[in-house]
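Encoded as structure tokens, the structure appears first; notes follow it.
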Amino acid sequence: MLSTRGETYAKAGLANSYLSTPKTPFDKVNKQGVVSFRNAENFLMHDVMLEYIRIQATSSLDHSDLTYHEGPFGSRRLRVAMASHITTYFHPTAPISPDHIIFANGVTSLNALCALSLTDPGDGILLGQPIYGSFNGDLRVPSSCQLIYTPFHGADQFSPDAVARYEEAFLQARETGVTIRALLICNPHNPLGRCYPRETLEALLRFCQKYQIHLISDEVYALSVYGDDDSTDGFVSILSIDPVPLGVDPALIHVLYGMSKDFAASGLRLGCLISRNERFLQAVLSMSRFHWPSHISCSIATAVLEDRDFVESFLQKSRRLLRSQRDLAARVLDEAGIPYVQGAIAGFFLWIDLSKCLDDKIVTSEDGWAAELDLSRRLQQIGVEMSTGYAYHNEVPGWFRVIFSLDEESLKEGLSR
């Protein structure tokens with residue numbers, strides 16, 4: 001009944017999580033509802049953003065927002081506003097032009113466009129472990145590429161030494177006939193919440209240049225960094241590193257960003273690609289026709305980005321709230337004796353170790369991943385939902401991602417359970 005492509009999508013079931021019967025969430029009225037630590041959204045800032053959109057951003061809507069406007073890749077005014085935002089906060093070494101920026105209806109779409117533009121079926125994209133779980137659906141399903149996951153075996157994947165692990169995975173893939181076309185990193189990292197130091201990014205750039213592969217830096221949590229003001233391990237954008245002195249071709253470097261995380265506005269469905277590779281941009285521009293963002297969303301985002309005073313105050317408040325909720329979650333986990341990855345200073349999550357809660361009988365008789373699934377189901381029975389280590393391609397079972405960017409009552413209740 002279907003094409004091979006159609007069967008691939010049907011089997012992938014990428015919408016399944018949205019089709020199940022919604023569970024009643026925990027709130028002040030329903031104390032028995034489910035606490036979901038699953039979706040990484042900044043719920044702490046929704047009221048602030050919604051008030052701004054209602055009072056300020058929508059007042060600028062006009063007839064053009066109900067038309068096809070300037071096309072499917074974001075108006076020039078929006079791209080100018082984003083270029084200014086990137087210049088202010090990402091500190092690029094070379095000027096960012098509106099012509100270097102393409103918008104689509106979310107970074108999810110841009111992931112697919114990157115895979116479609118940079119890989120042929122069977123080619124590989126290199127990633128570390130653990131990593132954002134939905135890259136499988138975003139990248140592999142539409143393009144038929146392969147995702148090659150790199151284990152670090154306890155080594156610090158944020159140190160320059162980790163490049164050797166990537167090279168091992170690259171060479172092993174090549175020996176099996178897989179051509180690696182790109183390395184994809186999350187900076188800040190999802191789910192570990194850490195940022196890559198400059199020296200590690202430079203080492204990764206040299207690695208990509210050595211083998212002529214693209215470096216895609218997913219920087220959607222760039223300004224959701226809540227570390228101490230005097231912290232030396234804050235966010236460093238790949239755009240802030242001059243590739244020329246390193247002998248790296250700028251055409252190999254691409255950045256993904258959007259409104260979902262830093263601006264608590266995942267419902268706007270707006271993401272952007274920043275690149276200086278003209279041929280790559282031409283390919284994405286053509287395919288953007290099928291990933292057209294709403295012009296009403298574009299108009300709202302333009303109003304937000306052009307109001308630089310609001311952006312700065314919004315980000316400052318967001319960082320304060322994130323730090324407060326992160327400290328609360330860490331304190332509860334410490335008191336309960338639940339380990340978690342240290343050094344997290346960005347994003348909305350902590351990566352926690354519940355391996356001591358795995359059923360020994362299942363681990364012994366089957367495998368650790370079955371025991372992790374069993375634990376996930378037991379957690380759901382007491383009204384707690386979390387993303388699993390298996391879904392995030394962790395090296396060992398028993399790890400889960402906890403979202404702390406919830407209201408305080410929900411966070412305390414979920415952690416208590």
Side-chain angles (χ1 to χ4, degrees), residues 15-58 106 133-134 190-191 193 221 224 226 259-269 296-297 300 304 310 313-338 340 344 347-352 354 357 373-388 391 400-417:
N16 286 355
S17 62
Y18 301 99
L19 296 174
S20 58
T21 303
K23 298 177 182 177
T24 304
F26 170 87
D27 57 30
K28 295 179 180 179
V29 176
N30 181 27
K31 300 293 186 179
Q32 304 305 314
V34 173
V35 177
S36 178
F37 291 136
R38 183 163 287 168
N39 288 335
E41 298 187 61
N42 190 350
F43 298 98
L44 303 170
M45 295 298 292
H46 277 176
D47 287 346
V48 177
M49 181 54 70
L50 188 58
E51 181 182 16
Y52 185 87
I53 290 174
R54 283 173 170 166
I55 297 174
Q56 300 290 337
T58 53
S134 293
N190 179 5
Y221 293 100
S224 297
Y226 52 81
M259 303 296 290
S260 294
K261 310 302 183 180
D262 288 348
F263 291 95
S266 54
L268 285 183
R269 306 309 307 133
I296 292 178
S297 290
I300 291 171
V304 171
F310 170 73
S313 65
F314 182 91
L315 294 174
Q316 287 184 10
K317 182 173 184 178
S318 176
R319 286 192 289 265
R320 288 196 304 271
L321 291 176
L322 288 173
R323 180 57 187 251
S324 175
Q325 294 300 86
R326 185 268 181 201
D327 289 348
L328 169 60
R331 187 165 58 252
V332 174
L333 292 170
D334 288 338
E335 291 172 354
I338 297 175
Y340 54 92
F348 313 145
F349 31 73
L350 290 174
W351 191 237
I352 70 170
L354 296 181
C357 302
L373 178 59
D374 169 73
L375 176 56
S376 178
R377 288 170 175 166
R378 283 189 279 144
L379 288 165
Q380 290 176 34
Q381 289 173 0
I382 61 170
V384 178
E385 296 180 336
M386 288 188 290
S387 296
T388 64
F400 291 79
R401 191 184 71 166
V402 168
I403 305 300
F404 57 76
S405 53
L406 310 176
D407 67 272
E408 186 169 328
E409 186 177 8
S410 295
L411 178 59
K412 286 181 176 180
E413 176 67 18
L415 292 173
S416 174
R417 294 178 184 181

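Numbers for residues simply follow the sequence, beginning at 1. No experiment lies behind these values; they were computed from the predicted model shown.
- How far NZ of K412 is from CD of Q325: 9.0 Å, rounded to the nearest 0.5 Å.
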- [ ] Test ring-ring contact (aromatic ring centres under 6.0 Å, His included) on Y221 and F349 and set out the steps.
- [x] CA-CA 11 Å; Y221 293 100; F349 31 73; 5.3 Å; yes
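- For the atom pair S376 OG and E385 CD, the distance stands at 8.5 Å (nearest 0.5 Å).
- Remark: the backbone N or O of I53 is paired with a side-chain donor or acceptor of T58 at under 3.5 angstrom.
- Shortest non-hydrogen contact noted between V35 and G414 is CG1-CA, 3.7 Å.
- In the model, S318 has a side-chain atom that pairs as donor or acceptor with a side-chain atom of N42 under 3.5 Å.
- Looking at heavy atoms from C-beta onward, V34 lies out of side-chain contact with V384 at the 4.5 angstrom threshold.
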Task: Steps toward side-chain contact (heavy atoms from CB on, under 4.5 Å) verdict (F400, L375) - done: CA-CA 10 Å; F400 291 79; L375 176 56; 3.7 Å; yes
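- A search for side-chain contact (heavy atoms from CB on, under 4.5 Å) contacts involving L50 returns R54, not counting sequence neighbours.
- Checked by atom type and distance alone, the side chain of S297 pairs as donor or acceptor with a backbone atom of L268 at under 3.5 Å.
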Open item on the list: Using the rule given for salt bridge (Lys or Arg N to Asp or Glu O under 4.0 Å), can you reason through D327 versus R331, listing the C-alpha separation, both sets of side-chain angles and the distance that settles it, and then say yes or no?
Closed with: CA-CA 6 Å; D327 289 348; R331 187 165 58 252; over 6 Å; no
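- One side chain, S410 or D407, offers a donor N or O that lies under 3.5 Å from an acceptor on the other.
- Using a 30° and 60° split on the angle between ring planes, F404 and Y226 fall in the perpendicular class, above 60°.
- Nearest heavy atom pair, residue K317 against residue V48, reads NZ-CG2, 3.8 Å.
- Here the CZ-CD distance, from F348 to E41, works out to 8.5 Å after rounding to the nearest 0.5 Å.
- Contact record, H46 with A264: CD2-O, 3.3 Å, taken as the closest heavy-atom pair.
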TODO: For the pair M386 and Q380, evaluate side-chain contact (heavy atoms from CB on, under 4.5 Å) and give the outcome as yes or no after the intermediate values.
DONE: CA-CA 8 Å; M386 288 188 290; Q380 290 176 34; over 6 Å; no
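- Residues N39 and I403 fail the side-chain proximity criterion, which asks for heavy atoms closer than 4.5 Å.
- Taking I296 as the reference, L61, D65, L66, S294, I300 meet the side-chain contact (heavy atoms from CB on, under 4.5 Å) condition, with sequence neighbours excluded.
- Here OG1 of T388 is found 11.5 Å from CG of L354. Values are rounded to the nearest 0.5 Å.
- In this structure, F310 and Y52 have parallel ring planes: the angle between them is below the 30° cut-off, well short of the 60° mark.
- For the pair R401 (side chain) and R38 (backbone), a donor-acceptor distance under 3.5 Å is present.
- Between D262 and F314, every side-chain heavy-atom pair lies at or beyond the 4.5 Å cut-off.
- The neighbour count for K31 NZ, taken as heavy atoms of other residues, nucleotides or ligands under 6.0 Å away, is above 12.
- To the nearest 0.5 Å, the span separating CZ on F37 from OG on S405 amounts to 10.0 Å.
- Between the side chain of K261 and the backbone N or O of A40, at least one donor-acceptor pair lies under 3.5 Å.
- Residues satisfying the side-chain contact (heavy atoms from CB on, under 4.5 Å) criterion with N30, sequence neighbours excluded, are T24, D27, Q32.
- The heavy-atom pair separating S260 from S266 by the smallest distance is OG-CA, 3.3 Å.
- Considering CZ of R319 and OG of S224, their distance stands at 9.0 Å, rounded to 0.5 Å.
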